[in-house]
Structure formats: C-alpha cells, structure tokens
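Chain A is the first sequence line, chain B the second, and so forth, proteins listed ahead of strands; every chain is numbered from 1.
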Number of protein chains: 4
Amino acid sequence: MSRRVPNDPDRRERILDAALDVIAERGVHATTHRRIAERAEVPLGSLTYYFDGLHDIIAQAFTRMSDRMSALYRSSVALAATRKEAERAVVDLICGEEYMPEREMTLLFEMYAYAEHSEPVARLSRDWMVRSRESLMAHFPEDVARVLDVLVEGWPMHRRFEGRPLDRALVARTVRAVIASGG
Amino acid sequence: MSRRVPNDPDRRERILDAALDVIAERGVHATTHRRIAERAEVPLGSLTYYFDGLHDIIAQAFTRMSDRMSALYRSSVALAATRKEAERAVVDLICGEEYMPEREMTLLFEMYAYAEHSEPVARLSRDWMVRSRESLMAHFPEDVARVLDVLVEGWPMHRRFEGRPLDRALVARTVRAVIASGG
Amino acid sequence: MSRRVPNDPDRRERILDAALDVIAERGVHATTHRRIAERAEVPLGSLTYYFDGLHDIIAQAFTRMSDRMSALYRSSVALAATRKEAERAVVDLICGEEYMPEREMTLLFEMYAYAEHSEPVARLSRDWMVRSRESLMAHFPEDVARVLDVLVEGWPMHRRFEGRPLDRALVARTVRAVIASGG
Amino acid sequence: MSRRVPNDPDRRERILDAALDVIAERGVHATTHRRIAERAEVPLGSLTYYFDGLHDIIAQAFTRMSDRMSALYRSSVALAATRKEAERAVVDLICGEEYMPEREMTLLFEMYAYAEHSEPVARLSRDWMVRSRESLMAHFPEDVARVLDVLVEGWPMHRRFEGRPLDRALVARTVRAVIASGG
DNA sequence: AATGAATGAGATTTCATTCAT
DNA sequence: GATGAATGAAATCTCATTCAT
C-alpha cells in the first residue's frame, strides 16, 4: 500500500514543548512562529502544516502543560493515604518548588492572561480548577477543598513575587485552621 | 501673541487609559501603538513623543492601574474603625465585584504575566503586594495580614473562572478562622 | 490475484471539472492545487501526478470547456436546415441562457484573460473563434459569418453586465440587417 | 503648523500605473505586491500604506484605466459634428489601434474576468458600459447605440485573437447597416 | 512641541512542488 | 502507479519606529 509515513513522529509534541519554552522565556506577547520553529529545530512551514495558526499552537501548548501539571497535582494529593498525609501534601504543594517551579508558575500566569482572550484556553483554565478541586475532595469536604485550592493557587503567587521561600509554619498552621473550620 | 500652551494637557493620561482599555480587551499580545492611538483619539506620532516605546507605555499603564487599585484597596480597609469592620471589609474585598470588577481582573492577569518579562512591571507587582499587606497590617498582625492577602488575591481568581458569585458564608467563616488561628 | 487496475478511471476528467468549478467561483488568480483537489475529492498528490503543474491543469481545463461549448455552438447552428432556421438559431445563441449560462460566461472571460499570458490557451481561443465561424459558414457567406460571430460573442457580454435579458426584437432586427447587408 | 507633507506627491498614481503594467504583462493571477513595488520603484511597505490590500490596488488600478479609456472613447465620438462623422468615428474605434491598443485590450480582458469576483470592479464594468453607450446616444437612437456598442466591444476582441487588421470595408458596411436598420 | 507620512524588518500564512514509501 | 507528509520560497500584511517639517 505504501502510504507515506511520518518521518518524525513526535514533531507535533516537540513543537508544543518548544512553544512552552518560548512562552516561558519571552511571554506570549513575544512568541512568534519563527522563534518556536528555531527552538524546536523544525522548518518554519511545518508549524502551519501541523497547526491552524499561532493561536492554535498556543492553545494546544497550554493544554499540554495543564495536562501535565494536573497529573502532578493529582498524584501528589492522591498518594496520601490518610487525611494527615493529605494535609501535609497540601502544605508541600503550597511551599514546595517541586509542584510549581518557576517556569510553570510563569506559564500559569501566561495561561490565565491568555484565557481572557481565547475561548479554548478559558475552558482549559476552568477545567484545571475543577480537576484540582476534585483531587482535594478525595480527602476533604467540598468547602474545605475550595479554600485549600485558593491557598494552593494564591500562595505560590506571593512566593513568586516576594522571591523568597514561604514560612512553612505559617502555611501549616493556616491549612490546619482551614480544615478545622470547614469540618 | 499666541504664547504656546499645551492644547491637550492630560493627553498622557488619556493615552495610558486607552492602553489599559486595549490591553483589557485584546491582551498585551495584541496591543499596538495604532490601536492605542485610535482608542485615545490621539495622533499616532504622539505615542512615541510622550513615551519611550510600547514597553514603556505598557509599564506606565500598569503603574497607573495599580496605583488606582491600591488606593481603592487601602481606602476600603482604612475606613474600618474596628477589627470587626476590618474583617468585614476583607470579606467584601474577596466577594465583591466593586473592588475587582471583571476588567480589573483581566488587567491584573495581564500585569502578572507581563511582570515575568519586564523588570519595571515586576517591581510594580512586588510593590503592589507590599502595599496591600501594609493596609491589612493596620488591623492585623503580619502573619494574619499575609494570609488574608493570599485570600484576597486568590479567591477572586476562582470567582472569575467559575463565573458565579462566591459563597459569602464560606468566605466569612474562612476569614474568621484565619484571623483566629493567627492571633 | 488482484491484478492492478486503475481504481478511478476518470479521475483526470474529475480534476479538470473541479478546476473549472474553482476558476468559475474564485477566478484563476485564486485557483490553487489544494482547492482543486478538495473540490474533486482526490488526493493532493494526484494533481501533480496527472498534470504538469497548475498551468497545465488550467490550460487543459479550458480546453475541455471550449470543446464542450464549441460542440454546443456547432450543434445549435448545425441543426438548422434552412437559412431561416439558422437565423433563428443565431438569435437564440445571442439571447438565450442555454448557450451561455452565467458560469460559462465567467469561464470564457477567465479564458480570454488567461490567453494573453499562456500560449496554449491563446491557441485555444483562436481555434474557438475559427470553429464558431466555420459553423456559421455552413449557412452564411464568410463576411456575414464574421459579423454574426462578433454579435454572438459581444452581445452576451453586455447581457451579463447589464444583468437583464436582451431585447429579442432588437437582436432579431440586427441579425436580419447584418445578413441582408452582407448578401 | 508644520504638518509633514508628502515627499512624493503622486506616488499613489505611480503605484496604480505600475500595477496596470504588471497586470498587462503577467496577468492578475501573477500580480503581486513585490512585482508592483519593484516596477513602481517604491518600497514594499508603501503598498499597504496607501492601499487596503492587493484587491484594493487592483480595483483602483482598473478604475484608473477605465476612466482614461472612457475619456478617450467619449472624446473620439464627441468630436464628431455630424452623424456622418460619428459613423466614421465608430468605424475608427472598431478598427483602429489608437482607441484600443494591445495593452488596453489585455487589461480589459483582465478587468472583465476580475469583475466576476470583485464587486467594485463589477460596478466599474457596468459603469463603463453605460458611459460608452451614452457617448453614442449623442448621435444615435438608443437601440442603435446599443448595437454599435456591442460591435465596438466585440470586434476588437476578434481582431486581437486573429492577430491581423480588420477588413475596414466590412466594418463600415456593417455599421452603416446597423444604423439604417435602427432608424 | 507635535505630527503623520513613510519604511524596513519581520510576522503570519499560503502554496507549488518534491519525494519516500 | 499513487499518495500525502513535508518544506522552501515567497506572498500578504502588520507594526514599531523614524524623521522632515
């Protein structure tokens, strides 16, 4: 039959990863086909061969990122066997660089900003929020899950701008209080 | 006769407000000199006459916005005479559209995203954080102020993406718990 | 078993008809391989497999069209048994939508325009003219045939741009006068 | 006041003339910004500065051409003082290279073809037809004017494709017959 | 002091064509 | 014989910025 077969099977993925790199380093506002192609080491023409314009590349790149982060988030919380461990996992999520290293943080900001101007990315942001809350709801009542999620989202932002590690004791105490108040 | 007088004294401000409009509507990534000039009803050339390029316009526009929001934030909290009233003000800040209407929310996302790629705007974001915490510290100990600030920042984001009003009782209960735990 | 047999015997023709559709709808200037392939529902690669580039497809498509129209023209005039009937056939050719419906008119304009820049299509246009005159010369002297052919060519163009039917009485009177004057 | 003043006042016109040159030489289907800019000896960017895309350049170029040709047509017929002279002017229009030299003929074909796919150019073609008829109506009744116009339009097309001069006697005889029949 | 005409650089996108299979 | 993935070249278009006035 001899259908021609792609000679570079995961080029699509390479392009999306390159796009995330460029977005993280320069921002969506400075992200161009050229820079993505260069970073991915693919010819310029292949970007529009695989994708339907820059907006599509960006949207799919964010999808890829949020899938990955969501899995991380979930697994981090899911590994907890007891509520005690879950509580600790939440504190880790808030304080730790592992869950949300600098690059991911930057990408998240970019995603939230872009979501305001792109319906697919808006949907993505909503899904992301729902999924992270659902992870937490395996261990906590819904109301508690909501508040913890706000902390997990908001606190690392402060960490980012302050440029220094959070006060772990304060975080732990707050998480404890939220859990207690919600019960 | 006909001593030269600026014929449009607050043109600078008009340009910055127009820039904020464009950013809110289209995003930084689609903000251009031309669109700003058109929106401000100002000749194109005046943008580069008054400002040092697009990045400068954007940075100063964000400065203007954050000054305004900061004043609002401060006055809202400052009006409180008692801790009781301050607590209520914080709940209002989190739940209320007044403090952070849709447009401002969008702008804030854009600012945070842009901050990652612009030193002046990064500084601005840091200042913003410090100033809002200081407002809160008139009424609460530093640790409590920190946590409340995380809530004020993070919760409206959730509100934004969920697209419906927050559960005021839950917010109030959480604020109370945070204050109690920090005391 | 499974002796190789062309699985789509009139693909060539389908491609040419699709090309004519695209030319009629969008103009030669907007005719591309992709649009033709899509319209013909054939794989993109088959266009360059069967033809020697876009210019070749266009030239052959025009050939196909002019063959068809020429046959129509000829048969219309050839059916006439008497000069009287031939005269009537000419009036029909000029006034009637049957001979030159909107689509064919458009294609003819495109062909004439393209002929100026393509030797094969120029040849085609010349042949077309000769053949139509020859049809008329079965009934009329050469000079009369020439003039009638001018009318058959030129009048429908006016009809096209005016957007309304011609005045049949005027056409008939003119044809009569031309025949009389040439005799 | 010191408004900046254009330093190349008839650049617009130069661009349109260059566009006509390119269209005449290569056809609309091979007309590009680049080729026009090169021919007009202006920077590429000025094309989109002055015009709203290629379609706009083409449409305005055709407008320019038809204005010029229309003036020629009109003046040719208008100079005639008597019907006798008008009759002779019509024969000249049909036979003579002056009125419709090769280049203009080519452009006219291109315009007619393009008109099918561009509303502004379609309007232009209609206007052209009306105006030429009106010129003739200064000397002949409407019906005669219509038919003469068909001849003026259609006959040079045949001349063009046959590649040799028309038989002036035949043209004159036909024009005479048309005038007589319409009277 | 102020402007808007002008442009070069580069962004996005389209597309004819090639060629491994 | 046939295909469609792939790409280089070029097309259209946008835009920050410059600068004569």
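Atom CD of A:E13 has more than 12 heavy atoms from other residues, nucleotides or ligands within 6.0 Å.
Distance CD (D:E38) to P (E:dG8): 14 Å, rounded to an integer number of Å. Computed from coordinates, the B:D52 CG to F:dA16 P distance equals 14 Å when rounded to whole Å. Across the protein-nucleic acid pair, B:I36 atom CD1 and F:dC15 atom P stand 11 Å apart, rounded to whole Å. For D:R11 and E:dA6, the CZ to P distance is 6 Å, given to the nearest whole Å. Following rounding to the nearest Å, C:L47 (CG) and E:dT18 (P) show an atom-to-atom distance of 14 Å. Between the NE2 atom of A:H29 and the P atom of E:dT12 there is a distance of 13 Å, rounded to whole Å. The interatomic distance linking C:F51 (CZ) with F:dG1 (P) rounds to 15 Å, in whole Å. Residue D:D10 contributes atom CG, which lies 16 Å from atom C1' of E:dA6 at whole-angstrom precision.
Checking the phosphate oxygens (OP1, OP2) of E:dA6, no side-chain nitrogen or oxygen of D:R12 falls inside 4.0 Å. Listed pair B:Y49 / E:dT3 fails the phosphate criterion, with no side-chain N or O lying under 4.0 Å from OP1 or OP2. A sub-4.0 Å separation between OP1 or OP2 of E:dA2 and a side-chain N or O of B:Y50 is present.
Searching all strands for a Watson-Crick or G-U wobble partner of E:dT21 with both distances below 3.5 Å returns F:dA2. Pair check for E:dA11 finds F:dT12; Watson-Crick or G-U wobble, both atom distances under 3.5 Å.
Toward the 5′ end of DNA chain E lies the nearest nucleotide of D:V42, the other residue of the pair A:H33 and D:V42 mapping further downstream. In terms of position on DNA chain F, the residue among B:H55 and A:P43 whose nearest nucleotide sits closer to the 5' end is A:P43.
When each of C:Y114, C:F62, C:F161 is tested with C:F109 by the rule ring pair (Phe, Tyr, Trp, His ring centres under 6.0 Å), just one qualifies, namely C:F161. Shown are B:R39, B:R12, B:R68, B:R11; of these, the salt bridge (charged side-chain N to carboxylate O under 4.0 Å, His left out) with B:D17 is made only by B:R68.
Nucleic acid contact class of B:T32 (heavy atoms, under 4.0 Å, all strands): sugar-phosphate only. If you check every strand for non-hydrogen atoms under 4.0 Å, B:L44 touches a base. Using a 4.0 Å heavy-atom distance criterion, A:L54 is classed as a sugar-phosphate-only contact. When heavy atoms are screened at a 4.0 angstrom cut-off, B:R35 is found touching the sugar-phosphate backbone but no base atom. Using a 4.0 Å heavy-atom criterion, one finds that D:T48 contacts the bases of the nucleic acid, with or without backbone contacts as well.
The two residues A:L107 and A:L20 make their nearest non-hydrogen contact at CD2-O, 3.6 Å.
Counted by atom type alone, C:H29 and D:E110 present zero donor-acceptor pairs between their side chains at under 3.5 Å.
With F:dA6, E:dA6, E:dG4 as the choices, the nucleotide that has an atom nearest any side-chain atom of B:R34 turns out to be E:dA6.
Note on D:E25 versus D:R35: no salt bridge recorded, every NZ/NE/NH1/NH2 to OD/OE distance being 4.0 Å or above.
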